[in-house]
Protein chains: 2
Amino acid sequence: MHVRIALDVMGGDRAPASCLTGAALAVAQDEALTVLLVGPKTVLAEAPEHPRLLAIPSGPGVPEGGQPAAYLRAHPDASMAVAVGLVADKEAEAAVSVGHTGALMIAARWRLGTVPGVSRPAPAAVFPLGSQPVVLDIGANVDVAKRDYLAFAALGRAFAKAVKGVAAPRVALLANGAERGKGTKVLREAYTLLETRVPDFVGYLEPVEMFTGAADVLVADGFLGNIVLKTMEGVAQTLLPLAPPGDHLADLLARASDITGSGSPLLLLGTEGVVVPGHGRAHAADIARLIALAARAVRGGLLPTVHEAAAEIGLAEV
Amino acid sequence: MHVRIALDVMGGDRAPASCLTGAALAVAQDEALTVLLVGPKTVLAEAPEHPRLLAIPSGPGVPEGGQPAAYLRAHPDASMAVAVGLVADKEAEAAVSVGHTGALMIAARWRLGTVPGVSRPAPAAVFPLGSQPVVLDIGANVDVAKRDYLAFAALGRAFAKAVKGVAAPRVALLANGAERGKGTKVLREAYTLLETRVPDFVGYLEPVEMFTGAADVLVADGFLGNIVLKTMEGVAQTLLPLAPPGDHLADLLARASDITGSGSPLLLLGTEGVVVPGHGRAHAADIARLIALAARAVRGGLLPTVHEAAAEIGLAEV
């Protein structure tokens, strides 16, 4: 399946060189891939020549810091907004940007809209240890309602099916104990809702069990998901200098030390298109990897799988 | 300084043998230590003979599961209640029990009362990685108010001073970002309160920074603290089989895999006495270690330091 990926070439600390080189690497590695390079004309003039690298002129990149919503309103031609717009206009099947993640979420909501029943799109990641669970929300939505947990369950199931190839992903709510009396008030309400609606719901899971394979998808609000992610990173960063260099353990610790830069699948879910964020520190090889992830998500049918999962759970009716 | 420790000999899966042997080990290792063995007469009849092991008859141990408060009401002579009562009656300076932790917290509140200004006593632990921060609450109080964070700050400072010997412990609130706009509503309220009242308050700290030494005391509600603890344990348990056996890294991973059984200092804080809980799986050597921790906390002046820290912060006036 030939896939077209729109790349914001202005995203990240090393842009545009990292993005232009990364795109060239990606098309060299995948013959059924076209990358639409989105950036100012002067930048695109420096792009490598390749029949499957297409130049799409846009305005500037979104600066780090500041108010991303205000910036995007004032600059509707910002490179990441145009990249996402190409997905909305069916010119590309997915958009990749390692620019401002908050801005990318806003641009994705505005240009693509949300999947019916999803009020809060969420970033999701595969945690690269043990059974490699899909975890979401890893940081966007701090205050959530019980129905958001239901949406996260649908989105996480679609991620596990389409990107990881899990046929019937088991879903758990991350909590401080396995018994259903545990958790906060909203978690207990979410438990009751997920129990009646989510196929293969396994109840609460404590983070100590998170890598054992007891669940494929771990659902949390963006505060908790972010805390769990950063705890994993902190533990791994502390232990990494002690691991024998080059060892498998050192490799795992390095990956768990930096989830957004680790090469683990990371997706924004819940908007009507495939959107891949990444860390601003990304090098060219990381950009190529993110483009390949976007292509894999498209070929795995992520968006139709999201719709199926949402329909199966009856998201739009809750 | 001669110290008397009351030991609930009926606590834990291996009781009473683990406790009786552990007490004998402890007094052999510390000549300025007396252990008051608390348990039914028939059990105490089996205790090792030693001039600094004293038998204090009591009722049975508190069973695991069930309703601990109801059990303690029906059995005021339960071994852990009598052990804590010896502290209340100044017959001992500290109590140790690896029985039901929830029951121990209740018994401690009832028999000892709480420190003025502390409405929720909290379990606290040293996390055994990197800078080895004191973390609390690690699991007891799921729904807390902003003033509870202030109490946890005072209790954590006292722990770091009296047990770890940190002269001016820096306190942070665990959160999902360093900027003060981060966190939940109650965390932002707590930030404002701690900022005005807690000496050496350093603001929010993300768990990724938790072992870097940026703070000595990490304050969280019992839900979040428990999640962070169990995430650390889950990461360590997943990596432990991959570490070279006998290596320093393997040792660290083993300790981080099981905080209550690791030998890291673990205390119940906020009641008017020194109370040391522990894991029910404790062997005799673990019991000896917990007794030694209790003696260290007494000799370090934990309880007067808690009072000083509470006064310094003005806990009783908030």
Side-chain angles (χ1 to χ4, degrees), chain A residues 65 127-133 138-140 142-143 174-177 181-185 187-188 205-214 220-244 247-253 256-259, chain B residues 127-133 135 138-140 142-143 174-177 179 181-185 187-188 205-213 220-244 247-253 256-259:
Chain A
F127 279 17
L129 293 178
S131 56
Q132 310 218 359
I138 58 164
V142 166
D143 290 309
L174 271 176
N176 59 331
K182 291 280 184 173
T184 55
K185 184 164 171 289
L187 268 179
R188 289 190 293 272
L205 194 75
E206 299 181 271
V208 68
E209 303 285 336
M210 132 172 120
F211 304 114
T212 61
D221 64 71
F223 179 82
L224 181 61
N226 194 256
I227 289 283
V228 169
L229 181 152
K230 285 176 178 160
T231 302
M232 176 185 70
E233 290 184 339
V235 171
Q237 287 178 19
T238 305
L239 297 170
L240 180 56
L242 306 171
D247 185 86
H248 174 55
L249 181 56
D251 179 55
L252 275 181
L253 286 170
S257 286
D258 179 13
I259 194 76
Chain B
F127 278 18
L129 292 178
S131 57
Q132 310 218 0
V135 184
I138 59 163
V142 167
D143 290 309
L174 271 177
N176 60 331
E179 313 82 34
K182 292 280 184 172
T184 55
K185 184 165 171 289
L187 267 180
R188 289 190 293 273
L205 194 76
E206 299 181 272
V208 68
E209 303 285 337
M210 126 174 124
F211 304 114
T212 60
D221 64 71
F223 179 81
L224 181 61
N226 194 255
I227 289 282
V228 169
L229 181 152
K230 285 176 178 159
T231 302
M232 175 184 72
E233 289 185 340
V235 171
Q237 287 178 18
T238 305
L239 297 170
L240 181 57
L242 306 171
D247 185 87
H248 174 55
L249 182 56
D251 179 54
L252 274 182
L253 286 169
S257 285
D258 179 13
I259 194 78

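On a predicted model such as this, the values are computed, not experimentally measured, just so you know.
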Engaged part of [X] at the chain B interface, taking heavy atoms whose separation is under 4.5 Å:
{"X": "A:Val142", "result": "side chain"}
{"X": "A:Ala256", "result": "neither"}
{"X": "A:Leu252", "result": "side chain"}

Cut-off 4.5 Å, heavy atoms of chain A, and the answer for B:Leu229 is neither
Residue from B:Leu249, B:Leu174, B:Asn226 scoring the most non-hydrogen pairs under 4.5 Å with chain A is B:Leu249
If you tally heavy-atom pairs under 4.5 Å between each of B:Leu253, B:Leu187, B:Leu129 and chain A, the highest tally belongs to B:Leu129
Answer key: most heavy-atom pairs under 4.5 Å with chain B among A:Ala175, A:Ala236, A:Gly225 is A:Ala175
Of all heavy-atom pairs linking A:Thr231 and B:Met232, the shortest is CG2-N, 4.0 Å
Rounding to 0.5 Å, atoms CD (A:Gln237) and CE (B:Met210) come to a distance of 11.0 Å
